[in-house]
**Student:** 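I am attaching a structure below and will ask some questions about it afterwards.
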2 protein chains.
Amino acid sequence: MTSPRRTRATVHDVAAQAGVSRGTVSRVLNGAGYVSADARARIEAAIAEVGYVRNTAARNLARSKTWAVGFVVHEPHQLFLEDPNIGSILLGTNEVVADADHQLVVLVVDSDRDAKRVSGYLRGGFVDGAVLVSARSDDTVADAIVEFGLPAAFVGHPAGRASVPHVRIDNRTAARQITERLLATGRRRVGMLASALDRDSGADRLEGFQQALGDRFDPRLVVDDPLYSYQSGVAGMAELLDREPALDGVFAASDAVAAGALETLRARGRRVPEDVGLVGFDDSAWATRSTPHLSTVRQPARDMGRAAARLVLDQLGGHEAHDVTLPTEIVWRDSA
Amino acid sequence: MTSPRRTRATVHDVAAQAGVSRGTVSRVLNGAGYVSADARARIEAAIAEVGYVRNTAARNLARSKTWAVGFVVHEPHQLFLEDPNIGSILLGTNEVVADADHQLVVLVVDSDRDAKRVSGYLRGGFVDGAVLVSARSDDTVADAIVEFGLPAAFVGHPAGRASVPHVRIDNRTAARQITERLLATGRRRVGMLASALDRDSGADRLEGFQQALGDRFDPRLVVDDPLYSYQSGVAGMAELLDREPALDGVFAASDAVAAGALETLRARGRRVPEDVGLVGFDDSAWATRSTPHLSTVRQPARDMGRAAARLVLDQLGGHEAHDVTLPTEIVWRDSA
DNA sequence: TTGTACGCGTTATCAG
DNA sequence: CTGATAACGCGTACAA
C-alpha cells in the first residue's frame, strides 16, 4: 500500500546529469535569459531522467513571495458546516484569488490550540496575505494578523480592528426593507427582538427597524439581548408577548433568534404566519430548517468573498484598501 | 486602512543586536544545547526589541519537514457546499492531524486551473502528506499525488489507484440492510435504480440489494445508469414503472438518484410512501431537501476523516498503511 | 551564452 | 558554552 518517495531530485542533480551549471538549469526552468538550444535539450532530458520537480517552497524563500493567501474560518464548533454563507464566501474568495494565480489555503480553527497553530502558520512565511471570516471580538487569530501586520481583510461583523479593511453589508437598509415588507402584509402591532446592540450589526438593524416604522415605532415593543442566539429568541418572544398580547408582527435580529421565537409562539398557541408574521436575518440554515420556513435577509456571500479577496490582493499590489459595503436581498418564504 | 509591514527581522538581526552569533540565537530559539544565562537573557531581550518572529517556511526548508498535511476537496461545481459529509470529514481529519501537531491546509479544486495549481502545491514541498476526498477516476490531482509518491490517503469512492490507501464504507452490507428494512415495510415488488456499475461503490450496492432480495430478486427490476445523478433518477424511475406498474418499493443508489425518482413518481401520480416506498444512499442534502424526507444510509463521515488522517500520519511515521472499511448507519425518515 | 558567487532565513555540525 | 561554516533548494546579479 505504501510507496515511499525516493529522495527528491534537485536542480543540482539536473545540472550534474546535463553537464551544465545550476545557473543554466535555473534559466531554462524560468524561461528567462538566453540559453543555447543544445543546452536546453540536454537539460530537459536530464529533468525527465532524474524526475525533477521544482521545490516551490524553496523558490518562494529565495524570492520572498509565496503566491498563497490564507482563508481562516474561525467558527466555534461546527458552524462552519451549518452556515451556508461560509461556503459561498470561500468559493468567491477562491475564485478571485485563483484568478490572480495565487493559491488559497483554508485554515480551520476549531480550538484554542488550532488558533495558536494557525496564527503561527500565518506568521510563518507561508502566505502573503489572509482573509478571515466572522472574527469575533476576542479572536486571537485576528489579533495575530493585526500585530504581525499581515495584509488581510475581514468579512462579517466588524471586530473593532480599524487597521484591517472589512467587507460588510448594509444592516440598516436591509433591516428597514424587510420590516417594510412585513408591514406591507398588513401587520399593525410589530415588535423587534434585537440583539448585540453593542455591535454595529445589532445597532444598525434596530435603527433600520425604527426607520421603517417611523411614527408607529414603539420602544416598548423592542426587547434586546446581547446574543444572537436561539435562547434569546425563546425568552425575548415571551417577554414581547407579555408586553403586547395583540402583537401580530416580529422582526428578529437573526434567523437563530427567529427560530427561538417560533418555539415560543407555538407554545403560546400563536400560528405563524396567520396570527403573527415573523421575519429573520442571515438566511442561515435556521431559515429553511424551521417550520414554516423563514422570510429573511440574504447576504451576498459569494460577492463578499470576492470583495475580501480583492482587498487582500490590492494590498499585495501596494494599493490602499478601503472597506466595502455590499447590498442585501430579501428572501420571502412562509413565515410572514 | 492599510498598515504595510516593515521588513521582517531575522535571526541575523537578533544576533547582531545581542552581540552573539546566529548559532547561539538558534539554540535558544529551539531550546536545544547549552547556552549561558547571560547570553540567553541578552538574546531574549534582542528578540523582543527587534520584533523577531520565526520564519517557519525557512525552518522547514532547513529541516526538510513541514508539519503540514493537505486536504484536497475535489468536487465538481459546488458540491462542496451541498454535501454535508465533506464538512464532517474535514473536521475529523483536522481533529487527528491537529492532535499530531500538524497543520491541515485545505485546498479546494473548482476548475482545471485549480487542479493544476493544487497539484503543484502538493509537489512543491509545502506539505508532508495529503488527504483527498472523493477523487474520481479522471482526477488529475490524484494522479499527481501518486506519481510524485506523496504519502496520502483517499476517502470515498475508490479511484483505482492501488498504491494509495483508501478509507471506504461497506457498500454491500449497507445496501443489503436498507433494502431489508424496506422489505420489512411489506413491499412486494421492489426495484433498484443502480448507478456506476463500473465502480466498486455502484457494483457493491447492487450486490447488497440482490442479497437482500434472495430468491425474490428479479433482474428485470434493475435499471442502471453510469451516473449518480438526479437526471438518471428521473429517467430510470420512468423506465422502471413502465416495466412494472405494480412496483411498490425502490432502492436508489444515491440520494440524488432518489430525488429524481421522486419527481417521476409524483408526475405519475404515485404517492410516497403510501403507494411506493423509496430509499436512497448517502444522507446528502437531497435527503432532507426532498419531500418527503428520504430514508437513506448515513456514512460515518467524521470517522472517515479521522481514519484518513491516521493513514497519512502512519506513512509519515514510516509505518505501513492499510485500507480501512467503516460501518454505516441507516437513517429512517418518511419516504418508506 | 554560460558559470560563479552570493542571498533567502534557518538549522546542524563542527572545532575551539 | 560559543562561533564559524556548511547545508536546505533555489534565484539572480555579475563577470567571463
Side-chain angles (χ1 to χ4, degrees), chain A residues 5-44 46-47 50-68 120-121 123-128 148, chain B residues 5-44 46-47 50-68 120-121 123-128 148:
Chain A
R5 181 179 55 223
R6 58 204 174 290
T7 129
R8 91 189 271 162
T10 73
V11 169
H12 197 89
D13 303 326
V14 175
Q17 175 77 22
V20 297
S21 81
R22 300 186 320 211
T24 309
V25 174
S26 182
R27 270 185 293 268
V28 349
L29 247 27
N30 298 297
Y34 295 93
V35 43
S36 68
D38 176 51
R40 160 166 292 120
R42 294 217 313 284
I43 290 173
E44 275 165 358
I47 287 178
V50 303
Y52 169 79
V53 345
R54 154 185 292 145
N55 184 323
T56 317
R59 158 189 259 217
N60 288 348
L61 182 60
R63 291 194 172 175
S64 41
K65 163 79 178 164
T66 71
W67 292 93
Y121 191 88
R123 285 183 297 220
F126 298 100
V127 297
D128 295 331
F148 185 61
Chain B
R5 182 179 57 225
R6 58 205 173 288
T7 132
R8 89 189 268 162
T10 74
V11 168
H12 197 90
D13 302 327
V14 175
Q17 175 77 21
V20 297
S21 81
R22 297 183 323 213
T24 309
V25 174
S26 182
R27 270 186 293 269
V28 348
L29 248 26
N30 297 298
Y34 296 93
V35 44
S36 68
D38 176 51
R40 162 166 290 119
R42 293 218 312 284
I43 290 173
E44 275 164 357
I47 287 177
V50 304
Y52 170 79
V53 347
R54 156 185 294 145
N55 183 323
T56 317
R59 159 189 255 213
N60 287 348
L61 182 60
R63 300 234 258 219
S64 43
K65 163 80 178 164
T66 71
W67 292 94
Y121 191 89
R123 288 183 296 220
F126 298 100
V127 297
D128 296 331
F148 185 61

**Student:** Whole angstroms only, please: what is the CZ-C1' distance between B:Arg123 and D:dG9?
**Tutor:** 17 Å
**Student:** By nearest atom, which of the nucleotides D:dG11, C:dT11, C:dG9 is closest to the A:Asn30 side chain?
**Tutor:** D:dG11
**Student:** Rounded to the nearest 0.5 Å, what separates atom CZ in B:Arg59 from atom OG1 in B:Thr56?
**Tutor:** 7.0 Å
**Student:** Without decimals, in angstroms, what is the distance between B:Arg22 CZ and D:dA6 P?
**Tutor:** 11 Å
**Student:** Tell me the interatomic distance from B:His12, atom NE2, to C:dC8, atom P, rounded to whole angstroms.
**Tutor:** 9 Å
**Student:** Taking the side chain as every heavy atom from C-beta outward, state whether A:Tyr52 and A:Val25 have any pair of such atoms under 4.5 Å apart.
**Tutor:** no
**Student:** A:Ile43 versus A:Leu29: any side-chain heavy-atom pair under 4.5 Å?
**Tutor:** no
**Student:** Go through D:dG3, C:dT10, D:dA13 for me and flag the one nearest to the B:Arg27 side chain.
**Tutor:** D:dG3
**Student:** Examine D:dT2: is either OP1 or OP2 under 4.0 Å from a nitrogen or oxygen in the side chain of B:Ser36? Give yes or no.
**Tutor:** yes
**Student:** Choose from D:dC10, D:dC1, C:dT11 the nucleotide whose nearest atom is closest to any side-chain atom of B:Tyr34.
**Tutor:** D:dC1
**Student:** Rounding to an integer number of Å, can you tell me how far A:Leu29 CG sits from D:dG9 P?
**Tutor:** 15 Å
**Student:** Which nucleotide in the list D:dG11, D:dG3, D:dC8 gets nearest to the side chain of B:Leu61?
**Tutor:** D:dC8
**Student:** Compare the minimum distances between each of C:dT11, C:dG9, C:dT2 and the side chain of A:Thr24, then state the nucleotide with the smallest one.
**Tutor:** C:dT2
**Student:** Round to a whole Å and report the spacing from CZ of A:Phe126 to P of C:dG9.
**Tutor:** 14 Å
**Student:** Side chain of A:Val20: nearest nucleotide among C:dT11, C:dG3, D:dC10?
**Tutor:** C:dG3
**Student:** Let me check the geometry of the helix from C:dT1-D:dA16 to C:dG16-D:dC1. What is the bend angle between the axes at its two ends, five pairs each, to 10°?
**Tutor:** 50°
**Student:** Between B:Gly23 and A:Gly23, which has a closest nucleotide on DNA chain D that is more 5'?
**Tutor:** B:Gly23
**Student:** Looking at every non-hydrogen atom in both residues, tell me the closest pair between A:Ala68 and A:Phe126 and how far apart they are.
**Tutor:** CB-O, 3.5 Å
**Student:** Distance-only criterion, 3.5 Å: show the donor-acceptor pairs between side-chain atoms of residues 11-20 of chain B and protein atoms not counting sequence neighbours.
**Tutor:**
residue : atom : partner : partner atom : Å
B:Asp13 : OD2  : B:Thr10 : N            : 2.8
B:Gln17 : NE2  : B:Glu49 : OE2          : 3.3

**Student:** Reckon A:Arg54 has a side-chain N or O less than 4.0 Å from the OP1 or OP2 of D:dG11?
**Tutor:** yes
**Student:** For a quick check of understanding: with a heavy-atom distance under 4.0 Å over all strands, which category does B:Ala39 fall into, base, sugar-phosphate or nothing?
**Tutor:** sugar-phosphate
**Student:** Taking only side-chain N and O atoms of A:Ser21, does any of them lie within less than 4.0 angstrom of OP1 or OP2 on C:dG3?
**Tutor:** yes
**Student:** Let me know the distance between CG of B:Asp13 and C1' of C:dT10, rounded to the nearest Å.
**Tutor:** 13 Å
**Student:** Minimum heavy-atom separation for B:Gly125 and A:Ala57, please, with both atom names.
**Tutor:** O-CB, 3.7 Å
**Student:** How many whole angstroms separate atom CG of A:Asn60 from atom P of D:dG11?
**Tutor:** 10 Å
**Student:** Please tabulate, for the side chains in residues 33-41 of chain A, all donor-acceptor contacts under 3.5 angstrom to protein atoms that are two or more places apart in sequence or on a different chain.
**Tutor:**
residue : atom : partner : partner atom : Å
A:Ser36 : OG   : A:Ala39 : N            : 3.1
A:Asp38 : OD2  : A:Arg42 : NH1          : 2.7

**Student:** Atom CG of A:Asn55 and atom C1' of C:dC8: how far apart are they, to the nearest Å?
**Tutor:** 13 Å
**Student:** Counting heavy atoms from C-beta on, name the nucleotide in D:dT2, D:dG9, C:dT1 closest to the side chain of A:Ala62.
**Tutor:** D:dG9
**Student:** Side chains of A:Thr66 and A:Asn60: do they bring a donor and an acceptor to under 3.5 Å?
**Tutor:** no
**Student:** Tell me whether the side-chain N/O atoms of A:Tyr52 come closer than 4.0 Å to OP1 or OP2 in D:dC10.
**Tutor:** yes
**Student:** Does a nitrogen or oxygen in the side chain of B:Arg63 sit under 4.0 Å from OP1 or OP2 of C:dA12?
**Tutor:** yes
**Student:** Checking all strands, does B:Ser64 fall into the base, sugar-phosphate, or nothing category for heavy-atom contacts under 4.0 angstrom?
**Tutor:** nothing
